[in-house]
Each structure stands twice: as structure tokens, then as C-alpha cells.
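Side-chain atoms are counted along with the backbone in the values below, which use heavy atoms only and exclude waters and symmetry mates. Reminder, nothing fancy here: chain letters follow the sequence lines and each chain counts from 1.
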Amino acid sequence: MSERYNHQTTEAKWQKIWAEKESFKATEDSSRPKFYALIEFPYPSGEGLHVGHPRSYTALDIVARKRRMEGFNVLYPIGWDAFGLPTENFAIKTHQHPKSVTQKNIANFRRQLKSLGFSFDWSREVDTTAPDYYKWTQWIFLQLWKKGLPYKTNMPVNWCPSCKVGLANEEVVGGECERCGGAVVQRRRSQWMLKITAYAERLLSDLDTVDYLEKIKAQQRNWIGKSTGAEIDFTLPVLGDRALKVFTTRPDTLFGVTYMVLAPEHPLVTELLSHAKNPNAVKAYIEATARKSDFDRTEGAKEVSGVALEGVFAVNPATKKPVPVWIADYVLATYGTGAIMAVPAHDERDWRFAKKFGLPMIEVITGGDISKEAFTDIDCKDARMVNSGHLNGLTPPQAIDKMIGTVERENYGKASIKYKLRDWVFSRQRYWGEPIPMVECPKCGWVPLPESELPLKLPDVEHYQTSETGESPLSLMTDWVNTQCPQCGGSAKRETDTMPQWAGSSWYFLRYCDPHNDKELASRKALEFWTPVDWYNGGMEHTVLHLLYSRFWHKFLYDIGVAPTPEPYAKRTSHGLILGENNEKMSKSRGNVVNPDEVVKTYGADTLRLYEMFMGPFDQAIPWSTNGLMGMWRFLSRLWTFSEKVRPDKAEGDILRATHRTIRNVSERIETMKFNTAIAALMTLTNTFGELKEIPQDAWEVFLKLLAPFAPHIAEEMWEALGHKEILATAAWPKADPALLVENSVTIAVQVNGKLRATITVPRDAPNKDVEAAALSEEGVKRALNDKEPKKIIVVPNRIVNVVA
RNA sequence: GCGGGUAUGGCGGAAUUGGUAGACGCGGCAGACUCAAAAUCUGCUUUCUUCACGGAAGUGGGGGUUCAAGUCCCUCUACCCGCACCA
């Protein structure tokens, strides 16, 4: 063994050995329990790997390596989520084909990941842009079509003028494009939609069956946004008593309704307009709101606006009295029924609106002061119904139940549930995505491609730029677009929009189970063997959309008998961001980006892996520290010198106990993702070894096994130096002996009136009397007692003595 | 506004879940080695006070429960993340 540790040769050596031995290849071997560890497959950008990627990959690599040593049959796969905008934009800018850009980027990512020594099964690599992969993405779309889940509709879409692409609501952040940060405008366009709302209830309730971090579940619930209440019909005399349907979560306040509000886009508005005395003012208002972006509408929330439909009234079904009808943009066309009953006394927005326009208020719940603010505390002790006919005297929750009964009995409404979740905008006017396998025939309408024609390959095109009108680049490929209707054989046109990037990532974890299958998405046998994913780790930025979309697709695949389980991921955790050294988000423009290649070259993959796990709690954002990184390098260099001190002895006494304590600590802390303290435990044992002249080999071997998941290369090298022929990666994980976890004697604290005055060392489980006597004979205790008699002595065995004086 | 979270030395952070606050690492200081520097090694390193022994204070602020509180309860403050005119 050379004196100084050479990480470059050692790391290359072991990476080669693992590859040659196929040490991490997963097989469907049912003699051992399976474990499926999953990380979010990367988007292979031109910038190369970010130091944030290895944080997640190392964490599950540690878990995967530990599981293998524990005897599990482990699947830890990797692939590329390679369709998408940045590549396409880069290709346009540099006059290359997106395909070749993608291939280059993948090659670079593959090299970088391999240099970090992750125990991926490289034989199962998938690439969402490969035709034999997206064939199955398209196949899933055809299955969705059979069940009526995709539909095409003309709808306002968020349009990013700079990316020239329609965006899902989820991709618009604060009125700006999530990708480029430019302002988003509204356009009307025909778009493919997926009916994810049909799965809203199951996506919500099945969260109870999975082990996700609580905050992830909370975000999913929040996004789905379930509200229970009632739909109530108000009749509109001007339209011959046709109903204006509203949704409310507060049917108890029905007697407090003083006006109605329709969203400007509500379908009844046009008809009602002709009955209003002020049609021009109303039209002007509607046009003004149409010009506003969603962002302006919500950002201007403090300034309420609206217009009355003068002369138009709706009849409150509870009181039979007419109330005026208004139009205001604080009511959203896209939620509920697009219309509300306004109860200004008990709703903050209605209260603000009524104040501004001088509309009346009726208090129907006591307990607040509605002249100052809306009273909305439904669970307030003093809250009782008033001015509400048969509801008077009830608490609001009682009144809600009773009113729903009344509404249903008297037949002007029904109990109802609404969700915030909206259908998924599934088409993009871009080139670099999966073609949607649909054909539009003038006679037959939208017709799916037969499955035998899949994959529908992306044609090569000269220009990738979206046209100014917003059509996909594929629309310019007339040869490709013009085709025959699969149903009637007549001339027809292909869909030229492509799928969003979310499509390929919604099922990739299934493909890993059987990545080379050309008959099926994956064989039922392989899916039954590997799924569900046992542990999925990824970033918080994907805990809403990617998780929701992939759960949706998975549930659908379960329904049609493809996936064996209703939920794809048994457990989901998240890692925190790695910030720049200046505590800001890493970015080129801030000049604080750390390049993993350089770290690996200078300090080695093991140092990087250890450092990223040690830098702080795994789920928290944490700034990079080059000094901290060097500390890890010192730790490994120091370890290296210990090899010379190893003697073929058996550990005894304190060293044996320290070793077993470390086994327990490291084992537990890997499972709870407390990697920072797991490494601290390894360092503590290292410090113990440092004090020894000779290190017993059995203790040293245990240490190397514990180190192996974290710093696999150096651990293998030192393991081999001991004369082992089999690699460490497949050695057995050590078990802590409970008998060795307890000390023979314990040092316990002695307090006087709760303050530490001395420590005493006594035999484990010594009788309380002996412990008391030892405590009282301590100088520090005597001094603090100052000749006073103790009133009471509390002894917590093996922990603490507190003398109360 | 709603939901989730955080607050501990100069810094990143530990604390067996109510029992010796500051593990581990970084940084700093002193010493050894060296012509010198780097690297390495050895010690010290919460603050105040004391020549010293020792003592006092201390986990964002205030209050409470307890023999005992970073940990439990009440209350206030600050910051971070997500969602947000969602009826």
C-alpha cells in the first residue's frame, strides 16, 4: 500500500472492477427480498451535473449499498429525462439537431455519474427520447384515449412569448414563465387535456396508504384542494326562472345572501346582458378584465372591482326574496360553478366588495362585529345562527348539516364536493417531445393511431422554431402531417403538438423493471417482482406536479391491469438544495457554481460523497463550504494511514463496545436519513482508533463495512489490503450485539436543585442507596448543600441524581 | 390569508425524545516538526468573572408545568418554503 492515498487511481480501479463484475446488476431472483430504490432521473442539460444531483443520488446509493450488504436483491436504476425545452432552445441557437445535443449531454452526464461510483444498474438505462421508450409513452396515451380521458378543447392557455410555448398552470409562477421568467399572456387555442380530475378523490384519499414526508402529503392535498359543501340553485326571473347554480361551503349562511356574483366569463353573462339596463358598462368591464392576465387579476386583489347587472335579480330559495346580480373578477370561472352567493357579513372578500359598493349586509351568525370585519370563525364558542328562520339558535356546523338537508328536501340544490385540481393541459407546440399519436379526419374526427404503428417517430425537421402563430414546428412538415385516416382511409392530418416533458417521467420507474421489452411496456412478471418503488427520493420542486402526474398515470395503469399496485411509491423523501458558498442559490450569473468534475479530480468521489452527506441535515437547504470539503479529505487521508496499525487481533473491552455502538448508530441513522450524524459516529470511532497503537483487525473490518456505503472506493481498497478476495460491496452488514451496547460502569450527573455539581462513576444498575451515598460524598455537592439537610433525593438509575435541598 | 417548517457557540450543526447543552466537522489560538512555508501532529476554543480553586449566565423574547425544560404547555417575534380572490 502506498503511503499517500491516491484517489484517482483507486477510484478508477474500483469503478472498473464493479463494472466488470456487474456487481450492481439487478436480477429477478426471488430467493432474496427485493428492494427498489429510485432517484429522479436527471434532465441531461448542457451545463452538466450540478452538485445538487449527487446529494440525492448518494443518499439512496448509501441505502442501496446497505441493503445489498443486508442480503436484499436491490434495483437502483438510472436514466434520462431528455425531452424538453432547454435542449430544443439550445439546439436552435447553435444550429444543431436536438437529438445530437441530447446524445452529447447524456454522454457527459453518464461519464460524470460513473465517476462518482454510484451503484446503479447501468444495464437498465432508459432514455425518454428513444423511440423504443416513447413508443410506450404513446401507447399509454392510446389506452387513456380508449377510456375517454384525453379530450381536445379550445381554451385560454398561458402563452410564453419568449419560449413560444403554451404552459400548464403549474408552469406559471407568479405570472411568469417558470423556465425563462418572462411575462405570460393569455391566448385561446385548441389543446389536448387529460382528465386528471376524474382521479382527484383517489389521488387524495390514497395518500393515507403511503409513507411520504408529511409536508409532501400536505402539498399534494393542498393542490388537490377538496372542499365539501352544497350546490344551490337561485332562480333568475328574467330568464324565465332558469337556475343560477352556485357552490358554497357555507350553506348555513344562505339567509345572509345579499347579492350574487358571476365571473366575467360565466356562460349566462351574455344572455343576462340583454336584460340589464347598463349593457355598455357591463361590456366595458368584461373587456377590461379579459385584457388582464391571471397575474394582474390576482395581484390586484386588494383593489376590488365589479359591475352590477342593473335590473337583474336572482331569487334566494330560502327567503324567496330577490337579490341583485353583479359581475366581478374576484369570482373565478374555473372554480366551482363560476358564480357565488355573496354573504358579506361572513366572508372577507364579499365584505370588502359590499363595503366598496355600498351593498347591504345581514348578520346571520352572532359572535362578531360585522361593522368592523366579516365574522368567519365557524367554530367560535359563541357563534349561533340568527335571522335564519329554522336555523336560528344552532351552531354554524349544525346549521350546515341541517341546511343541506333542507336544500335537498325542497329540491333546490344538493350536497356537493369541489376540487381545485384542474385537468392537465397535455399538448405543447414544440418539436422536442413525444408526438401525440392522433389523426384528425374531416369525416371521423379525432382517430387514434393503431398500436401497430407505434412508435410514431419524430420526423427530422430543418427548423425547430415555433411559428409566430403558435403552431408546432411539426405543422410545417406537410409530408408528415398529411396522412390517411386509420378509420376511413380518407386524407387526414396528424396532430402536430407534442406531449409535455411530464409524460415520459410519469412512468419511467415501470420501464426500469423491464427496460428492453419490445412487446410490452414491461412484463407483468417483472412489475410484480419489483413494484412498488420501496423508496423514492427527489427534490421538493417535484413533490407537487411530477408526483401527482405519475400517481395519476400509475392509477390508470393499475385500473387497466398493467400496474400491479394502486400507488407507485411506497415511500417518498426529499432532499434540500445545495446553495452557493455565499448562501445564495447556485447559478452561473451569480458565479457561485461548484463543478463536481473539479471536486472529483482534486479530492475524489469519496470526499464529495461524504461531504455532501455530512454538510447538514439531509432535508434542509445548506450552503457549500470548500473548507468543509477539505475536512472530509483530511478524514479519509488520516484513515488511510491507519491501515499500517491493523493487527490480526480481536477487539475487547472499550474498543469492542465502541465498535458495536457505532454499528448501531450508523445502521439507525442511515434508515432515518441522518447521514450527517452517521458520519459523525464513524469519525468518533476513527478518533478512538487514532489513540491506539494497534487496531484489532475485526474492529477495523467492521468499520470498513460501515464506511463502505458512504466512501465505497477507499473502503474497498483498504478491505482488499487485508487480503480479502471478495469485494466489500457484497460483504455482510454487521450486526450490533445488544449486550455490548451497555457499559459496565456509568458516569452520571449529580445535581443540587437542578444544577450540575459533580459527576460520579458507579457500576451499572448500582442500588439507589449506593448511588445516593456516592453523590452526597462529593465535594461539589457538599459545598452546594452548605450543611443543609437534603429534603429529597431523586435517583434516575444510570442517568442522574438530583438532590433537592 | 391558508398549509408546512426553522430559530442552539465565530460558522455548519449534535443532544439517546423530559435527565451532564454544544457530539462531529469547519474556523481560530498556542505548541511540535521545518532554514522557511505548506502539509501533518499535539493541546485549547459558549460567554462573563476569578491569579487560581471556583462561581455565574446561557438554546429567538416573555410566562407556565416539573425535583429537572433546547425538548412539554401558553404567548409574542423574526425568517424560510409551498399555495393563494378556490366561494
Original post:
Under 4.0 Å between a side-chain N or O of A:Arg783 and OP1 or OP2 of B:rG55?
Top reply: yes
Subject >> Protein proximity profile, nucleotides 45-51 of chain B - base contact B, sugar-phosphate-only contact S, no contact -, cut-off 4.0 Å on heavy atoms >> reply: -------
Original post:
In whole angstroms, how far is the C1' atom of B:rG4 from the CD atom of A:Gln220?
Top reply: 14 Å
**OP:** Find the runs of at least 3 consecutive base pairs, i with j, i+1 with j-1 and so on, that include RNA chain B, using Watson-Crick or G-U wobble geometry with both distances under 3.5 Å.
**Re:** B:1-7 with B:77-83, B:10-12 with B:24-26, B:27-32 with B:40-45, B:46-49 with B:54-57, B:60-64 with B:72-76
Original post:
Side chain of A:Phe614: nearest nucleotide among B:rC24, B:rG4, B:rA87?
Top reply: B:rC24
Could you tabulate the donor-acceptor pairs under 3.5 Å formed by side-chain atoms of residues 679-689 of chain A, not counting sequence neighbours?
unit_1, atom_1, unit_2, atom_2, d
A:Thr684, OG1, A:Ala680, O, 2.8
A:Thr686, OG1, A:Leu682, O, 2.7
A:Asn687, OD1, A:Arg638, NH1, 3.2
A:Thr688, OG1, A:Thr684, O, 3.1

Subject >> Between B:rG1 (P) and A:Asn222 (CG): distance, integer Å >> reply: 16 Å
**OP:** Report yes or no: do A:His7 and A:Asp606 form a side-chain donor-acceptor pair below 3.5 Å?
**Re:** no
I'd like a list of close polar pairs between nucleotides 13-16 of chain B and the protein, N/O only, cut-off under 3.5 Å.
unit_1, atom_1, unit_2, atom_2, d
B:rA14, OP1, A:Asn676, ND2, 3.3

Subject >> Residue pair A:Phe703 / A:Thr659, side-chain heavy-atom distance below 4.5 Å >> reply: no
Report each atom pair, protein N/O against N/O of nucleotides 64-73 of chain B, whose distance is under 3.5 angstrom.
unit_1, atom_1, unit_2, atom_2, d
B:rC67, O2', A:Asn802, ND2, 3.0
B:rC67, O2, A:Asn802, ND2, 2.8

**OP:** Determine the interatomic distance between P on B:rG62 and the same-named atom on B:rG9; round to the nearest Å.
**Re:** 15 Å
**OP:** With a 4.0 Å heavy-atom cut-off, tell me which residues in residues 628-638 of chain A come close to RNA chain B, sorted by residue number.
**Re:** A:Gly631, A:Arg634, A:Arg638
**OP:** May I have the distance from A:Trp326 (atom CH2) to B:rC85 (atom C1'), rounded to whole angstrom?
**Re:** 17 Å
